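These numbers were taken from a predicted model, which means no experiment stands behind them.
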Amino acid sequence: MSVYRLAALTTLLTIGAAPASIDTTVAYELSPEMKDGAITALNVAVRLRADRSGTTTLDWMGSWAGDDRLGRWARDITVEGGTATPAPHGGRVVRSAPGARLTMRYRIVSAYAADPTVEDSEQSRPVIRPDWFYAVGETLYARPVDGQDRPARFAWKGPVGIGFASDTQHERGLNGTPRSVGDISESIAIGGRKLSVATITLNGDLVRVAHIGRFGFDGAKFDALAQRIVRTERAFWRDERAGPFLITAIPLTAKPGFRGFGGTGRSDAFATWIDQGADLSDMAALLAHEYFHSWNGRQLGRFADGAAAQAYWLSEGFTDFYTRRLLLRAGLWSPEDFIADWNRMLRAYAASPWRQVGNVAAAAKYWSGDYAAEKLPYQRGSLLAAFWDHALRTRGLGSLDEVLRAQRARVAASSPRPEIVAAFVAEMARAGLVVGPDVERYVTEGVPVLLPADAFGRCARVTTADVPKFERGWDSDATAKAGNVLTGIDPASNAYAAGLRDGMKIVKRIAGEPDNSAVDYVLEVEDGATVRRFTFRPAGRTMLRTQQIELDAARFAAEPAACARALSG
């Protein structure tokens, strides 16, 4: 301390002055904390030079994936090289000499006391189990505030026998740019004793698929499916040298009455959480959707600050549209698979209580836990993508494929990057189609989107009809919370007429489709000591305007290849 006081009193001495040139690189180090052979936490060290001002803030992001307490899993935070006080999101504000060497250390503890389940998994929460771990960078790493573009280095310091995979290991960032603090923040880390990593090389780029634990399918087949989807989507974007990429998967413990899987996209990776009861047939759409986010939502423009969910109809909905289209084009789905998935979505959209709610109000509920509100941008955006793709093609203006590729190229050449919806509207105008009024009508105001009859070409027809609303006849949420014990049976429902009563326990659904009121529900139910079977039509009295897609079987039989091409655009 006396050195700094002396320097302040004289201009002749320069002891303690800031270096003429400060290295702005931020170095991250990650290692597992071990006790009696078990992984108990993850240790993080962040090394950097202090800001020239002498005040350096190292903190977590304000929010991500609906979680506004990303730093809450950090423990025992220490800072070397300066005096630290708490920062807004759990990090530290450090006061030191300008350019001083700082080291921040802390432990990340698990958000789960047991393996995560399909019922309680959250994207932002770190999983640290005795034999494995998984976490996203937003939770793992504090970063210098306003320093996302600073260069960064990463080192894994795990012991022999603990495997590790992360996109922080990629030498370069997206499209060959130098690795930055932002790349570290937006990353995935997975590791453990039985980590499986499959690797292929695509045009010189290393593509890895890493997973751990037991799934309901062959891991090697999952690896092969993921690699095929990577090839398909790089070809679509004409981006065969997109750089190294990582796909990760962790298991979710199955629970009776629940089923689920999901994921989150990164710039050079994506993560998946998969129900251990899921079949490989469920995985193609999940993988294709998440990988498409490497472009849509990242390379098509930026999200407006604080209003990202208002653009999800484009980033999520268009991604769902292309998930179906590209799986069909690649031969990973049959025309029947393609139509069945569209029809499920169309039925859910028709029944959605949010269908006619405007974009701002609906987006505000995206992270609220309301499943129908969460699915609305996927549905609305898929329909608009099909609607506008049809308009472009029938008017001889090209296709949505060409518009999105042109948008990506234009955004890459723009500084600053334009907002993603504004960039799309402008690119559509360049193609010759003005869509601003459509965005106002269907997105901003929430007017329901209806597709033209020939939206999917000459070998399929979109029909529109008023059909009964799908109604099981009981309170689904309350029944699930009660362990599948029927709760809130409506005496006026078809389920009640068939003999179902409160207190009976659903063993399994033998037949029936959620949101499809035209197909009988067949349930196996415990009634006391007896197991009985009930059949009923889940149709209510309210009628809904619903669209469905019908294949022209005769044309498909006569021209299967041409019809498949027409169906997939």
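- Contact check on R541 versus E471 returns no salt bridge, with no Lys/Arg side-chain nitrogen under 4.0 Å from an Asp/Glu carboxylate oxygen.
- Salt-bridge formation is not detected for the pair R324/D337: no Lys NZ or Arg NE/NH1/NH2 atom is positioned less than 4.0 Å from an Asp or Glu carboxylate oxygen.
- For an aromatic pair to be called close, the ring centres must be under 6.0 Å apart, and W156 with F164 satisfies this.
- Checked for salt-bridge contact, R228 and E233 miss the test: no charged N lies under 4.0 Å from a carboxylate O.
- The backbone N or O of S568 sits less than 3.5 Å from a side-chain atom of R329, completing a donor-acceptor pair.
- Atom CD1 of I212 and atom CG of L195 lie 5.0 Å apart (nearest 0.5 Å).
- Between E513 and the options R347, R344, R472, R537, a salt bridge (Lys or Arg N to Asp or Glu O under 4.0 Å) holds for only R347.
- Heavy-atom minimum distance, Q547 versus L346: O-CB, 3.3 Å.
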Could you list the donor-acceptor pairs under 3.5 angstrom formed between side-chain atoms of residues 125-134 and any protein atom two or more places apart in sequence or on another chain?
unit_1: R129; atom_1: NE; unit_2: D115; atom_2: OD1; d: 2.7
unit_1: R129; atom_1: NH1; unit_2: A113; atom_2: O; d: 3.3
unit_1: D131; atom_1: OD1; unit_2: R193; atom_2: NH1; d: 3.1

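- No hydrogens or angles considered: nothing links the side chains of S185 and E138 as a donor-acceptor pair under 3.5 Å.
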Under 3.5 Å, sequence neighbours excluded: what are the donor-acceptor pairs made by side chains of residues 214-221?
unit_1: D218; atom_1: OD1; unit_2: A220; atom_2: N; d: 2.7
unit_1: D218; atom_1: OD1; unit_2: K221; atom_2: N; d: 3.3

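- Ring orientation note: the planes of Y312 and F303 are nearly perpendicular, at an angle over 60° on the 30°/60° scale.
- No option in Y322, F270, W237 other than W237 meets the ring-ring contact (aromatic ring centres under 6.0 Å, His included) test with W295.
- Checked by atom type, the side-chain pair H89/D59 shows no donor-acceptor distance below 3.5 Å.
- Residues that satisfy the ring-ring contact (aromatic ring centres under 6.0 Å, His included) test with Y378, not counting sequence neighbours, are H289.
- Between Y291 and F245, the distance separating the two ring centers is shorter than 6.0 angstrom.
- Residues satisfying the ring-ring contact (aromatic ring centres under 6.0 Å, His included) test with Y521, not counting sequence neighbours, are F470, F536.
- When the shell of 6.0 Å around CZ of R75 is examined, it contains more than 12 heavy atoms from other residues, nucleotides or ligands.
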Give the table of side-chain donor-acceptor pairs shorter than 3.5 Å for residues 499-509, with sequence neighbours excluded, one pair per line with atom names and distance.
unit_1: R501; atom_1: NH1; unit_2: Y496; atom_2: O; d: 2.8
unit_1: D502; atom_1: OD1; unit_2: G488; atom_2: N; d: 3.0
unit_1: D502; atom_1: OD1; unit_2: I489; atom_2: N; d: 2.9
unit_1: R509; atom_1: NE; unit_2: G512; atom_2: O; d: 3.3

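- A pairwise comparison of heavy atoms in G265 and H293 identifies CA-CB, 4.4 Å as the closest pair.
- The salt bridge (charged side-chain N to carboxylate O under 4.0 Å, His left out) pairs that include a residue from residues 355-381 number zero, where partners must be two or more places apart or lie in different chains.
- By the 4.0 Å N-to-carboxylate-O rule, R234 lies too far from D239 to be salt-bridged with it.
- Here L404 contributes atom CG and F321 contributes atom CZ; the two are 9.0 Å apart, rounded to the nearest 0.5 Å.
- Under the 3.5 Å distance criterion, with hydrogens and angles disregarded, a donor-acceptor pair is assigned to the side chains of T319 and N296.
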